[in-house]
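Heads up: the structure comes next, in structure tokens.
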Amino acid sequence: MPQRSEKLIFEYSRPGRGAAGQWPARAEVPADLPATLRRRTRPLLPEVSELEAVRHFTRLSQLNFSIDTHFYPLGSCTMKYNPKACNQYAMLPGFLARHPLGPESRGQGFLACMHELQEMLKAVTGMRGVSLAPMAGAQGEFAGVAMIRAYHRARGDLARNEIIVPEAAHGTNPATATMCGCVVREIPVRADGDVDLDALKAVVGPNTAGIMLTNPSTLGVFERRIKEVAAIVHAAGGLLYYDGANLNAILGKVRPGDMGFDVIHMNLHKTFSTPHGGGGPGSGAVGVGERLLPFLPIPLVGRDGEHYRWLSERDLPQSIGRLSAFMGNAGVLLRAYVYMRMLGREGMSRVGDYATLNANYLLAKLTQAGYDAAYPERRASHEFIITARRQARERQVTAMDIAKRLLDYGFHAPTTYFPLLVPECLLIEPTETESREALDAFVEAMVKIAQETESNPQLLKEAPHSLPVRRLDDVRAARQLDLVWRPGTAA
Amino acid sequence: MPQRSEKLIFEYSRPGRGAAGQWPARAEVPADLPATLRRRTRPLLPEVSELEAVRHFTRLSQLNFSIDTHFYPLGSCTMKYNPKACNQYAMLPGFLARHPLGPESRGQGFLACMHELQEMLKAVTGMRGVSLAPMAGAQGEFAGVAMIRAYHRARGDLARNEIIVPEAAHGTNPATATMCGCVVREIPVRADGDVDLDALKAVVGPNTAGIMLTNPSTLGVFERRIKEVAAIVHAAGGLLYYDGANLNAILGKVRPGDMGFDVIHMNLHKTFSTPHGGGGPGSGAVGVGERLLPFLPIPLVGRDGEHYRWLSERDLPQSIGRLSAFMGNAGVLLRAYVYMRMLGREGMSRVGDYATLNANYLLAKLTQAGYDAAYPERRASHEFIITARRQARERQVTAMDIAKRLLDYGFHAPTTYFPLLVPECLLIEPTETESREALDAFVEAMVKIAQETESNPQLLKEAPHSLPVRRLDDVRAARQLDLVWRPGTAA
Amino acid sequence: MPFIPHTDDDVREMLAAIGAPSIEALFDEIPRELRIQSLNGVPEGLSELEIGRLMSERARQDGRPLNFIGAGAYEHHIPSAVWAIVSRGEIYSAYTPYQAEASQGTLQSIYEYQTMMASLTGMQVSNATLYDGGSALAEAALMAVRAHRKSASQRLLVPANVHPHYRKVAVTTAGNQGLVFDPLPWLRDSGRVDAAALARHAGEDITAVVIQQPNFFGAIEDVDALTDAAHALGALVIAVVNPTSLAILKPPGEWGAKGADIVVGEGQPLGVPLSSGGPYFGFMATRMEYVRQMPGRIVGRTVDLDGREGFALTLQAREQHIRRGKATSNICTNQGLLMTAATIYLSIMGPEGLERVATQSALRTRELVAALGRVQGVRRAFESPYFHEAVLQFDRPVAPVLRALAERDIIGGFDLADDYPELGAALLVCATETKTTADIERYAAALAEALRAARAA
Amino acid sequence: MPFIPHTDDDVREMLAAIGAPSIEALFDEIPRELRIQSLNGVPEGLSELEIGRLMSERARQDGRPLNFIGAGAYEHHIPSAVWAIVSRGEIYSAYTPYQAEASQGTLQSIYEYQTMMASLTGMQVSNATLYDGGSALAEAALMAVRAHRKSASQRLLVPANVHPHYRKVAVTTAGNQGLVFDPLPWLRDSGRVDAAALARHAGEDITAVVIQQPNFFGAIEDVDALTDAAHALGALVIAVVNPTSLAILKPPGEWGAKGADIVVGEGQPLGVPLSSGGPYFGFMATRMEYVRQMPGRIVGRTVDLDGREGFALTLQAREQHIRRGKATSNICTNQGLLMTAATIYLSIMGPEGLERVATQSALRTRELVAALGRVQGVRRAFESPYFHEAVLQFDRPVAPVLRALAERDIIGGFDLADDYPELGAALLVCATETKTTADIERYAAALAEALRAARAA
Ligand SMILES: Cc1ncc(COP(=O)(O)O)c(C=O)c1O
Ligand SMILES: Cc1ncc(COP(=O)(O)O)c(C=O)c1O
């Protein structure tokens, strides 16, 4: 049975200890390296045996919740099962050993996978071209907005530096716009969850570079008047950016390209089930329509007959350029490729079906159990929002308290306090890989929590109770910064 | 944080569910298979998704103590660190795919490893020939005693059917003798832990096939008069069998062949650190001196110049024969090979050094802490015995209670109640891969337990308290046999 | 030092605590003349980098040929999840669950495994593995002698179409206790057991009869008739079965009127890689009435002090660590890790997946037999129905043909010349769900060419 | 259905609970004309068996040539333990530790990582990774602009011997915000930054100067002088470093009188496989005074309600999910899994192991340079001290030679023709501790032959 806590790796360290079987032979530093440019004191790295390292990190891992161990309905993150096959086949020794700058002649197997992946992503999004370069969603967004800017610039339309985002947008959207040197214009969302078209009409104009939307939105509903949104923005000379974080909801049902989007990023670590890895890596492949094709970030994989090759600045002189030193998160791309090939055409359509079924079922059950849906009149997409406004008002039990208490019941918490416009927001995304019983068990826990909210709110406010630590002091963490360990310090 | 318990896999099952991505296409059973010989009702296998299976077994795994997560001083079992390299390199796709009956021309890489392993094992044991066929220690013992019998038979010495074992012997020793159709003669051990030579002299005779010994013995001490033992048995016409379970203690220090043993098995899953796997697989390679060479179990790997080949009955017409359908636990042998090559000559000698150092240190610390050594006048080998006779008499706290309480402190328990001749016996084997701090932490827990023995014996008698289950009802398990699950049953 | 954490300070302080001047001194009870100073004959140590290179080269040397041998070890698809989980430290580096409370993961897995194997074989109880299929047969023979109190002969009938290696293991293992294994012949046209020969033993004291289904030639025996005939002799029936085949073939528990008494087999097809022959695992299942005669670990479900469900090793009084010389077997370490692999494999395949694997393997083998049968000089040896292996009769010696195929990276099958010289030039072939039509065509083309070349030479 | 657990019953009952007639009906808010019926262009699904075969063939197609390229991605030995642990589900399938109490494993790993990286670079704080080395440089540039309040120019000096791809990524990323990257020349004899050129910028408003150590040519810069010179200009110093080299080279925190201000680099050499270029990870460390300008996740140690130590994400007010358009960066998902790999790698290597890796890589490269330098038509391009890469000057174009080597299964190095045409025929080569003398001799022999053939043609 796992321990509740684990020492720091540095506390296992003893001078002279080490996993010597992993080290090459000892030798003198070459004399030609100038003494003044050498290191004088050794870095603070642990000196531990291989067993100590293995035991330490194995124990640490056991302190995590994860998809492999827990239901993980973290809204907007699509925590679906990551097939083991994807990891196994992306880690075949041949793939692992391939140098990114190795000759194309010794990379045809890898490049074939990448080319087919590009083609499949085009097919599922309805876009005309795809670049696999971006290394996460946010970098995909960056590439997208940068392409929009490049497009306007190429047309001499230099004033267009405004990016419109609905207030429900993910934080990366406005942050990306800023990184691209744009001005962010927020527009409100109506009570029914759809964008306020009047506000949109009021904000578009000759400065409009484009709009960033995700559809279904982060409110967990499908933007019904998307065609009108597109018409308004396009009429104003702007382009439409699709934040593909929510692609899981509509896979095989509707394509961003058909909705009128000019550019899209896809979170392969969401829709295409590459691992989240405790914070990454992800992959934010971008797809574009006709107009943005010349601007795609490099490298891309092209095909001449039977031969695959890298496309570079020479092939795309108007490209926005490079986003990474090499080829993005190649190993993540291989995992997505394996996943997509396993699902195939049918399997991909089922993703949208069952992700949506699970979300709507869970929404129905939770509302039956007395929770308040943020958008009770709407269908859920692959996710939906519960608001704990009432509980906060009546019992001082916040969304955070509910989230923490769920941990005690063995469930990872939903996303809390995002989107910001919904008070006491719990954004819940079950994904298609969870069984009905898993959803029912979650509902059962939520029912118990509802009872506890009435009978013992303090229990919730002090939750979690059964985890390795109780609720942590975030304020202290930010005030008394302790970001690196120094010998002889404890928190 | 892991759950305390996990449902049965069958409880996740739903008709029609399944990990379909793993299945080949559906098809009709060939019509030529006679209907009367076909299966009529489906077997009770779970119908679960891949995620459910992964989550279930991942959670189950977290309920185990293991070397990778806990100090595991299980005496006689040599629970040392199993290097990850051994697993990784034994599981290279090429090795995994090789069929055991594939042609030698497509197995030279594998056979080379096996031949070198045979040679290394000869070198470390001082024997003349080695067979890798036995699949665990007990089967190695079987091979050894069968060879002893075959030897006597080949000489027409048909009366020799008695196997002598000291009372401290591991249970597999007498059980093996019985399996070989021999009669077991137990001899006592003296108070100092050495074999009673007078008793030995009294028991040897014309019926003596041989003696089975381990040295250091399971009492954790080195049999000092081993040369005399050998002389007595040899003089009586018997042969000496070495139970190599304790080879870790003397690796690089003294060799069974030099002590006078005629045959030995080695537990590669102990001394050579192949995984214990929750109960196996092991490997019980056998080594023999000159006299038993013709009788080695097949197959062996021979070498003709640069070519390696299997040796079969044709090469060893007097072989005791086959012990397995193919080549024993080949993948285990590869792991042992990797381990031995990594350690090399120096590394192997260090094994004996540090295993012995750790055991003697732990013994010293525990006796200083007030525990009673079973053989206080002796050096510990790689393991040693603490007896809780006093605690049982004075406080009704048994070895079992101490063992269970150790689990609460995050340590796997030592071996209990073996060897049987020491009352309230705790056989403790730290192994060389544990650090001094790990030993000290164990001592600290034992000190606390000593205090609890005085202050709160009931706490110990009801231990463990913090594990997934409390003390289990073994009597009920044996009386109300519940060995397979049936729908709708709970314990 | 590789895998040893001790610093010089540690050593000094530890020796001080012991009161010994040096590590060397800790060995002072070993007679000086026995001590060695160095392990000549063992090479210098390698770093992991170095051994990694060496092993990669060795593995590469053996290549990855296209394989059509079965003969007791079968190449099936293994879901990645199986070994991803089995390799977890908590499973890989634990041992026999002696401390039940600290081993519920292993114990519950075994209980689940027992349930699956009992159901697959149609029996009431299963143990927690034996070494492999061959040694499981040997243990079954010994168990039959213990279980069959009325029989005194210790004599078993074993058809010659039972896996030849299994028969050898049984003799090696049980021969020393005086068990006698008498052969039963098989029929030249069908490759199946000669039922008439079995009947001729009427009136003799036969402890048990062994029946392998499918038999070593891949042929389907009439197990109902054989079981009833054996029972009519007063013998117990030991079934040797391929676990994959049980998805579509009648389970031994339903053979004949009363069912087989002891069921054993090789578990390798259930998620265990070929890996040059091991580690695999033997399985064994039986009737509840014989459970106390069964060798090996058994797990039972029970409750803890609080009444909470839990699992523990049980019926340990059968085992060597308790009963020593009187135990049911000397087995101690078994094949736990492979048991876990099989349990995960069976969970992922489920009844539907396993059935498909069995069906597709049967179909692929039919495709193979048809394709090879079209090659000049090759024909099927037996007429009987078969599962996923079949014997082909060649018009010239098999060995040189296999060598020619190996050069084309094809492992063509198992040459029966050594074990069944009476069959002449005969080859046992197998295809599983892992083989495609293209693979089979590649084999057929290569075989045609090899035989053409042989004829020309 | 692959990866979907729903039975027909489940679907029926779930729809009933929702009150919807069909799954299709759940999409009724989507305008009908937008709906598609099928994903043409996506092939049929494959079973794991089929995809496994396909991937194995693809991997085999690319072979495992002997590799002598570095150029930002380095082939080092990776202990088996690293990926055995990183692949554990609890690490692999968790996400950003938003729920700290349920993510202490990840959080503590990050804290340990931050400690190691801060110490390795000689800085006070580290973040929890950025995407890769290139994007880390881009983020450093943006951060420098934020941190250097006194500078208004947004102008950075970047030597042309900084990794060319990194320079491109910086321009792509930071160009839109108006940052200007002006080149600094390098000296033709040494391959090192022209310090005099730097000094000529005196009096200008320079936000930051970038210094790569070792530079793209593998050469060791006089970082003390450059750092002091940059600081004298009033600029911040952004160091781009190879983390392995820091085991033996002076950490940026000690460069010059005051040390570098922001340190970035590619973390790949620390336990991450080459894997065609990713996933790798970028690292970033800085002074405590700039911590609030740093992009990316940061973990702090704190206490829980009971006063027990624990770890949590901190300083989140810098991040996009709180500050949206005003965040330090748009980064959200980072490279956590690789961070874990690096933390385990650094724990296993420790200071001694990392030093040996660095030293042996340096020695092997010297051996390589010597061996190749003996080949006719090849000489070293620069005279400066170097770490584990060096530029070789050829007497004829490099590309055809590399093609000839690739046919012999040798990846000979990185052709500098595209990025540094001024160097003529020049090749950047690298050897690490993974290369043996035999490997190097094999390369030298193959190169000699290829050049002979080229001369003959
Ligand atoms: C709606 C939305 N957009 C964008 C992103 C950013 O993606 P990434 O984290 O891969 O950078 C996320 C992910 O968290 C998201 O949920
Ligand atoms: C002293 C001794 N002998 C023999 C054995 C039997 O070895 P195995 O379990 O590999 O059959 C053991 C192992 O438990 C042992 O400790």
Side-chain angles (χ1 to χ4, degrees), chain A residues 18-19 22-24 42-44 47 53 60-61 63-68 85 89 92 94 96 98 100 109 123 135-136 138 171 174-176 180-181 184 222 254 275-282 321-322 325-327 329-331 344-345 361 364 435-436 467 469-470 472 477 482 484-485 491, chain D residues 5 10 14 18 29 41-42 44-45 48 55 58-59 61-62 79 89-90 93-96 101-102 104-106 115 118-120 131 134 165 168 172 176-177 273 275-279 300-302 304-305 309-310 314 320-321 324-325 327 330 333-337 347-348 350-351 353 360 433:
Chain A
Q22 302 297 342
W23 303 342
R42 284 188 152 185
L44 180 63
E47 299 183 57
L60 274 191
S61 77
L63 302 181
N64 280 353
F65 279 33
S66 66
I67 303 173
D68 277 9
Y89 294 116
L92 290 174
L96 290 188
R98 203 185 152 272
M135 291 178 284
T176 295
C180 280
V184 180
F222 191 88
V254 52
H276 285 79
R322 281 198 162 272
F326 304 109
M327 166 48 182
N329 282 336
R345 191 185 306 149
Y361 176 73
S435 70
R436 183 192 165 185
L467 270 80
V469 288
R470 300 213 23 228
L472 288 162
D482 176 353
V484 302
W485 180 82
Chain D
D10 288 337
M14 291 170 79
I18 297 167
E29 293 188 357
V42 176
E44 291 290 318
E48 188 184 307
M55 295 305 279
R58 294 258 164 99
Q61 206 177 334
D62 296 350
E90 299 94 321
S93 76
Y95 197 22
T96 306
E101 299 84 358
Q104 287 295 299
T106 296
T115 302
S119 174
L120 201 54
Y131 300 130
H165 291 180
K168 289 179 186 170
T172 306
N176 275 311
Q177 283 188 56
S275 188
S276 288
R301 185 161 60 163
T302 182
D304 74 0
L305 276 181
E309 179 171 296
T314 194
Q320 45 72 30
H321 63 286
R324 303 176 66 83
N330 70 341
T333 296
N334 61 13
Q335 306 285 117
L337 199 68
S347 300
I348 287 180
Q360 287 291 355
E433 85 284 6

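Letters A, B, ... are given to chains in the order of the sequence lines, protein chains preceding strands, and every chain is numbered from 1. Just so it is clear, the model here is predicted, and its values are computed rather than measured.
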Count the heavy-atom pairs under 4.5 Å between each of [options] and chain D, then report the option with the highest count.
options	answer
A/Ser435, A/Pro43, A/Gly331, A/Ser61	A/Ser61
A/Gly282, A/Ala477, A/Gly279, A/Ala330	A/Gly279
A/Gly344, A/Gly277, A/Gly181	A/Gly277
A/Val184, A/Leu96, A/Thr176, A/Val254	A/Leu96
A/Ala136, A/Ala53, A/Gly18	A/Ala136

Can you name the ring-ring contact (aromatic ring centres under 6.0 Å, His included) partners of D/His165, sequence neighbours left out? D/His163
Hits for ring-ring contact (aromatic ring centres under 6.0 Å, His included) against A/Phe222, two or more places apart or cross-chain, chain-then-number order -> none
Indicate yes or no: at least one non-hydrogen side-chain atom of A/Tyr89 is less than 4.5 angstrom from one of D/Arg58. no
Taking the side chain as every heavy atom from C-beta outward, state whether D/Pro279 and A/Met135 have any pair of such atoms under 4.5 Å apart. no
To the nearest 0.5 Å, what is the distance between CG on A/Leu60 and CD on D/Glu90? 11.0 Å
Between the side chains of A/Arg322 and D/Thr172, does any donor sit under 3.5 Å from an acceptor? no
Checking heavy atoms, do the side chain of D/Gln360, its backbone, both or neither come under 4.5 Å from chain A? side chain
Best-contacting candidate, D/Ser93, D/Ala59, D/Gly105, D/Ala118, against chain A by heavy atom pairs under 4.5 angstrom: D/Ser93
Can you tell me which portion of A/Leu92 sits under 4.5 Å from chain D's heavy atoms? Options are side chain, backbone, both or neither. side chain
Under a 4.0 Å N-O cut-off, is there an ion pair linking D/Glu101 with A/Arg470? no
